[in-house]
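To start, the structure under review is shown below, and the notes come after it.
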Amino acid sequence: MDSKYTSMGIENGAKTNGVKRKNGVEHIKVKKIKLANEGTVAHNIKVETNGHNNNNVHENKIVNEKPQDLQEARRQLPVYMVRNRLLEEIKKHDTMILIGETGSGKTTQIPQLIHEQRLEGAGAIAVTQPRRVAAITIALRVAAEMNTEIGSIVGYSVRFEDVTSPRTKVKYMTDGMLLREAILDPLLKKYSIVVLDEAHERTVSTDVLFGIVKLAQKERNEKKLNPLKVIVMSATMDVDSFKKYFNNCPVIYLEGRTYPVTIYHSKMKQEDYQYAAVCTIFQLHATAPANHDFLVFLTGQEEIETVMYNIKQIAKEATGPPIRVCPLYAGLPPAKQLQVWRDAPPGTRKIILATNIAEASVTIPRIQCVIDTGVVKERTWSGGTGAERLSVRATSQAACWQRAGRAGRTQAGAAYRLYTAADFRARPMHQTPEILRCPLASTMLLLIAAGVEPSTFPLIDTPPPDSVKASLSLLKELGAIDSEVNPKLTVIGKKMSTFPIEPKYSKVLLCAPEYNCLDEALSLIAVLSSENVFHTPMHKREEAIKMKQKFLSPLGDHITLLNVFKAFSKAPLKKQWCKENYLNHKNLTYACEVRQQLLAICLKLNMTVTSCGQAYDQVLKCLLCGLFTNCAWQRGGAGGARAAGRYVTAAGAAAALHPASALQALRPPPPALLYSELLVTGRSYMLTVSAIQPQWLQQVAPEYARRCRANR
DNA sequence: GAGCACTGC
């Protein structure tokens with residue numbers, strides 16, 4: 001296999017000329033390395049979760065399994081073998097770390113074992129997950145294993161859906177959900193045991209929960225309340241830093257059950273990973289049995305579409321079985337995602353081109369071969385300008401192992417890394433935790449609402465001081481806190497913290513009654529809190545743009561979005577309507593759910609829902625109440641022909657109107673703008689933009705306007 | 001005149 005793989009590039013050289021890349025032909029040379037030789041084992045493959053987007057499929061699957069089969073399966077799990085020792089440790093220690101390889105059964109079994117012994121006493125067991133699908137499917141599985149109905153002893157709680165009752169003792173929930181509960185009850189008094197699962201993923205919510213449970217444990221001890229037990233569970237983890245953070249608590253290792261994965265590294269540095277990926281695919285395709293499916297990790301939609309096109313072109317002349325190519329990324333409509341799970345006809349090879357959605361969120365069975373480009377798209381944030389940046393970066397070693405492990409789920413497999421072994425070793429062990437690279441305003445507001453002083457809150461990794469400062473200063477500007485030092489919530493800040501959205505957006509909602517436009521503000525903020533509602537497939541771009549025209553407002557993208565949402569709400573056959581109009585049905589449906597939730601909170605706060613009708617100026621002024629820090633002015637003042645389309649933000653950064661903006665066609669370009677997002681790709685672009693009257697800022701935020709003028 | 005990875009409340 002080794003020698004064939006290295007020489008195949010030469011044999012197929014002529015055929016790979018079809019690859020649409022600028023570089024010349026370059027042959028990939030790989031070195032065969034056994035995982036065992038590296039002193040490492042295949043890493044965490046989740047057996048508990050089925051990332052399938054259609055929950056019903058999983059639900060039925062669970063119901064169909066017989067209780068005795070479920071019990072037999074339980075007894076086969078590695079964690080079951082060591083259950084007595086494990087329970088002893090849990091009884092003995094307030095806090096412990098559990099490192100469990102994939103297939104150990106820790107997520108499904110440990111809460112059950114605890115409950116069987118009634119270790120939770122009068123309280124309940126909370127088990128957190130970073131993803132809602134995981135929380136739901138695991139809860140269903142455990143309920144079936146315990147032969148109870150979901151929502152009774154075993155339940156789950158995720159946004160928009162709470163399937164628990166006062167009797168619930170084992171509660172699976174998203175980490176964000178437990179964090180929301182912590183605002184109302186920072187001591188988490190309902191729970192006697194909190195299990196933080198998938199801790200290695202280091203989501204902002206998990207990181208904050210680490211501190212919350214630590215403080216709750218301490219205070220409950222001091223107040224002589226019932227003690228809180230904490231179990232941190234993870235696949236692979238930076239054990240030393242975790243152990244140190246949790247006061248040298250014990251660490252227990254659980255064995256996993258996975259199949260061996262052979263790792264091959266590229267012998268030479270690959271200048272163009274897309275090209276290298278296509279070459280590798282066809283080198284392997286010529287010799288691998290037809291029933292071996294490939295999983296290729298790429299960075300995004302556009303890249304996946306390009307590589308897919310190339311594969312289809314080359315496949316026409318390549319030797320080997322017929323090929324079926326399946327793209328897989330989060331933005332793909334659910335129906336199109338489904339074909340990834342459908343078996344290819346006998347004698348056909350399935351090649352899945354995926355983003356890192358296939359790394360942990362979604363599990364594809366029967367992958368024998370992983371091709372890892374070793375790159376990922378990562379979002380970072382600069383507190384100074386408020387701009388976000390999306391850049392392609394090398395993955396961490398942990399992510400490399402995670403990707404490789406996807407080949408060893410159902411049998412032994414192989415992983416082809418398109419980077420050298422030296423490159424691999426030079427990579428950081430773990431990805432930068434999210435909390436170090438994202439905006440912190442909502443996290444800060446949540447902490448302050450939970451009665452915590454941000455500067456003393458024990459976080460396992462300290463965010464950059466600039467980020468903290470920028471976030472607190474924004475909260476002060478919005479009037480949510482009284483001071484940046486030792487901050488306390490204001491009356492409005494307290495209200496803001498009850499909304500599960502960005503503080504900027506909750507401020508908009510709270511200002512809306514004043515402008516008579518809460519009806520419109522709810523819809524707009526719901527859409528802005530969701531993902532892009534426009535669907536633009538590469539090959540039907542023209543048509544998609546044409547359909548967008550009928551929603552366009554000369555006032556800008558915000559009113560355009562409002563038009564889309566209103567039309568969607570009125571449409572009787574929503575799915576069909578979305579398809580015809582090139583709109584994303586999933587994201588618009590999500591926006592509707594968000595709107596309902598926000599409306600319920602507004603009504604609880606005794607706010608009056610009224611509509612401003614066609615007086616959209618009111619909506620934009622109201623929007624400015626929360627987004628006044630997101631203003632930009634035309635460079636060199638209005639009217640300068642050369643300055644057209646070039647703006648400078650309130651933070652003093654140069655920025656341009658995004659070409660997809662509704663304002664792009666407007667002549668002359670508006671002198672002042674309000675944007676929702678600032679994204680740096682090649683240049684700095686303002687996304688989702690509306691035109692405003694410069695004097696509005698003066699009316700809405702006079703003090704801020706004064707400072708802006710001084711800085712300009 | 002450019003293209004947004006992935007989660008979550």
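This is a predicted model, so every value here is computed, not measured.
Nucleic acid contact for A:L687: base, since at least one base atom lies under 4.0 Å from a heavy atom of the residue. Residue A:V158 is classed as a sugar-phosphate contact, given heavy-atom separations below 4.0 Å to backbone atoms only. No engagement by A:F499 is indicated, since no non-hydrogen atom pair under 4.0 Å with the nucleic acid exists. Within the nucleic acid shown, A:T355 comes within 4.0 Å of sugar-phosphate atoms alone, with no base atom in reach, counting heavy atoms only. Note on A:R393: nothing from the nucleic acid sits closer than 4.0 angstrom, heavy atoms only. No engagement by A:S205 is indicated, since no non-hydrogen atom pair under 4.0 Å with the nucleic acid exists. Counting non-hydrogen atoms under 4.0 angstrom, A:L679 reaches a base of the nucleic acid. Here A:E677 lies in heavy-atom contact (under 4.0 Å) with a base. Base contact: A:L390 has a heavy atom under 4.0 Å from a base atom. Residue A:Q301 is classed as a sugar-phosphate contact, given heavy-atom separations below 4.0 Å to backbone atoms only.
Residue A:V307 is tested with A:T373, A:I351, A:L298, A:V325 for a side-chain contact (heavy atoms from CB on, under 4.5 Å); the sole match is A:L298.
Chain A approaches DNA chain B over the interval B:dG1 to B:dC9, counting the first and last nucleotide 5' to 3' with an atom under 4.0 Å from its heavy atoms.
Using bins of under 30°, 30° to 60° and over 60° for the plane-to-plane angle, the ring pair A:Y590/A:F160 lands in the perpendicular bin. Using cut-offs of 30° and 60° on the angle between ring planes, the pair A:F424 and A:Y419 is parallel.
Between A:R379 and A:E434 there is no salt bridge, since no side-chain N of the basic residue sits under 4.0 Å from a carboxylate O of the acidic one. Note on A:R202 versus A:D461: salt bridge recorded, some NZ/NE/NH1/NH2 to OD/OE distance being below 4.0 Å. For the pair A:D185 and A:K190, the salt-bridge criterion is not met [side-chain N within less than 4.0 Å of a carboxylate O]. With salt bridges taken as basic N to acidic carboxylate O contacts below 4.0 Å, none links A:K507 and A:E502.
For the pair A:Y685 and A:T174, nearest-nucleotide mapping onto DNA chain B gives the more 5' position to A:Y685. In terms of position on DNA chain B, the residue among A:Q597 and A:G331 whose nearest nucleotide sits closer to the 5' end is A:G331.
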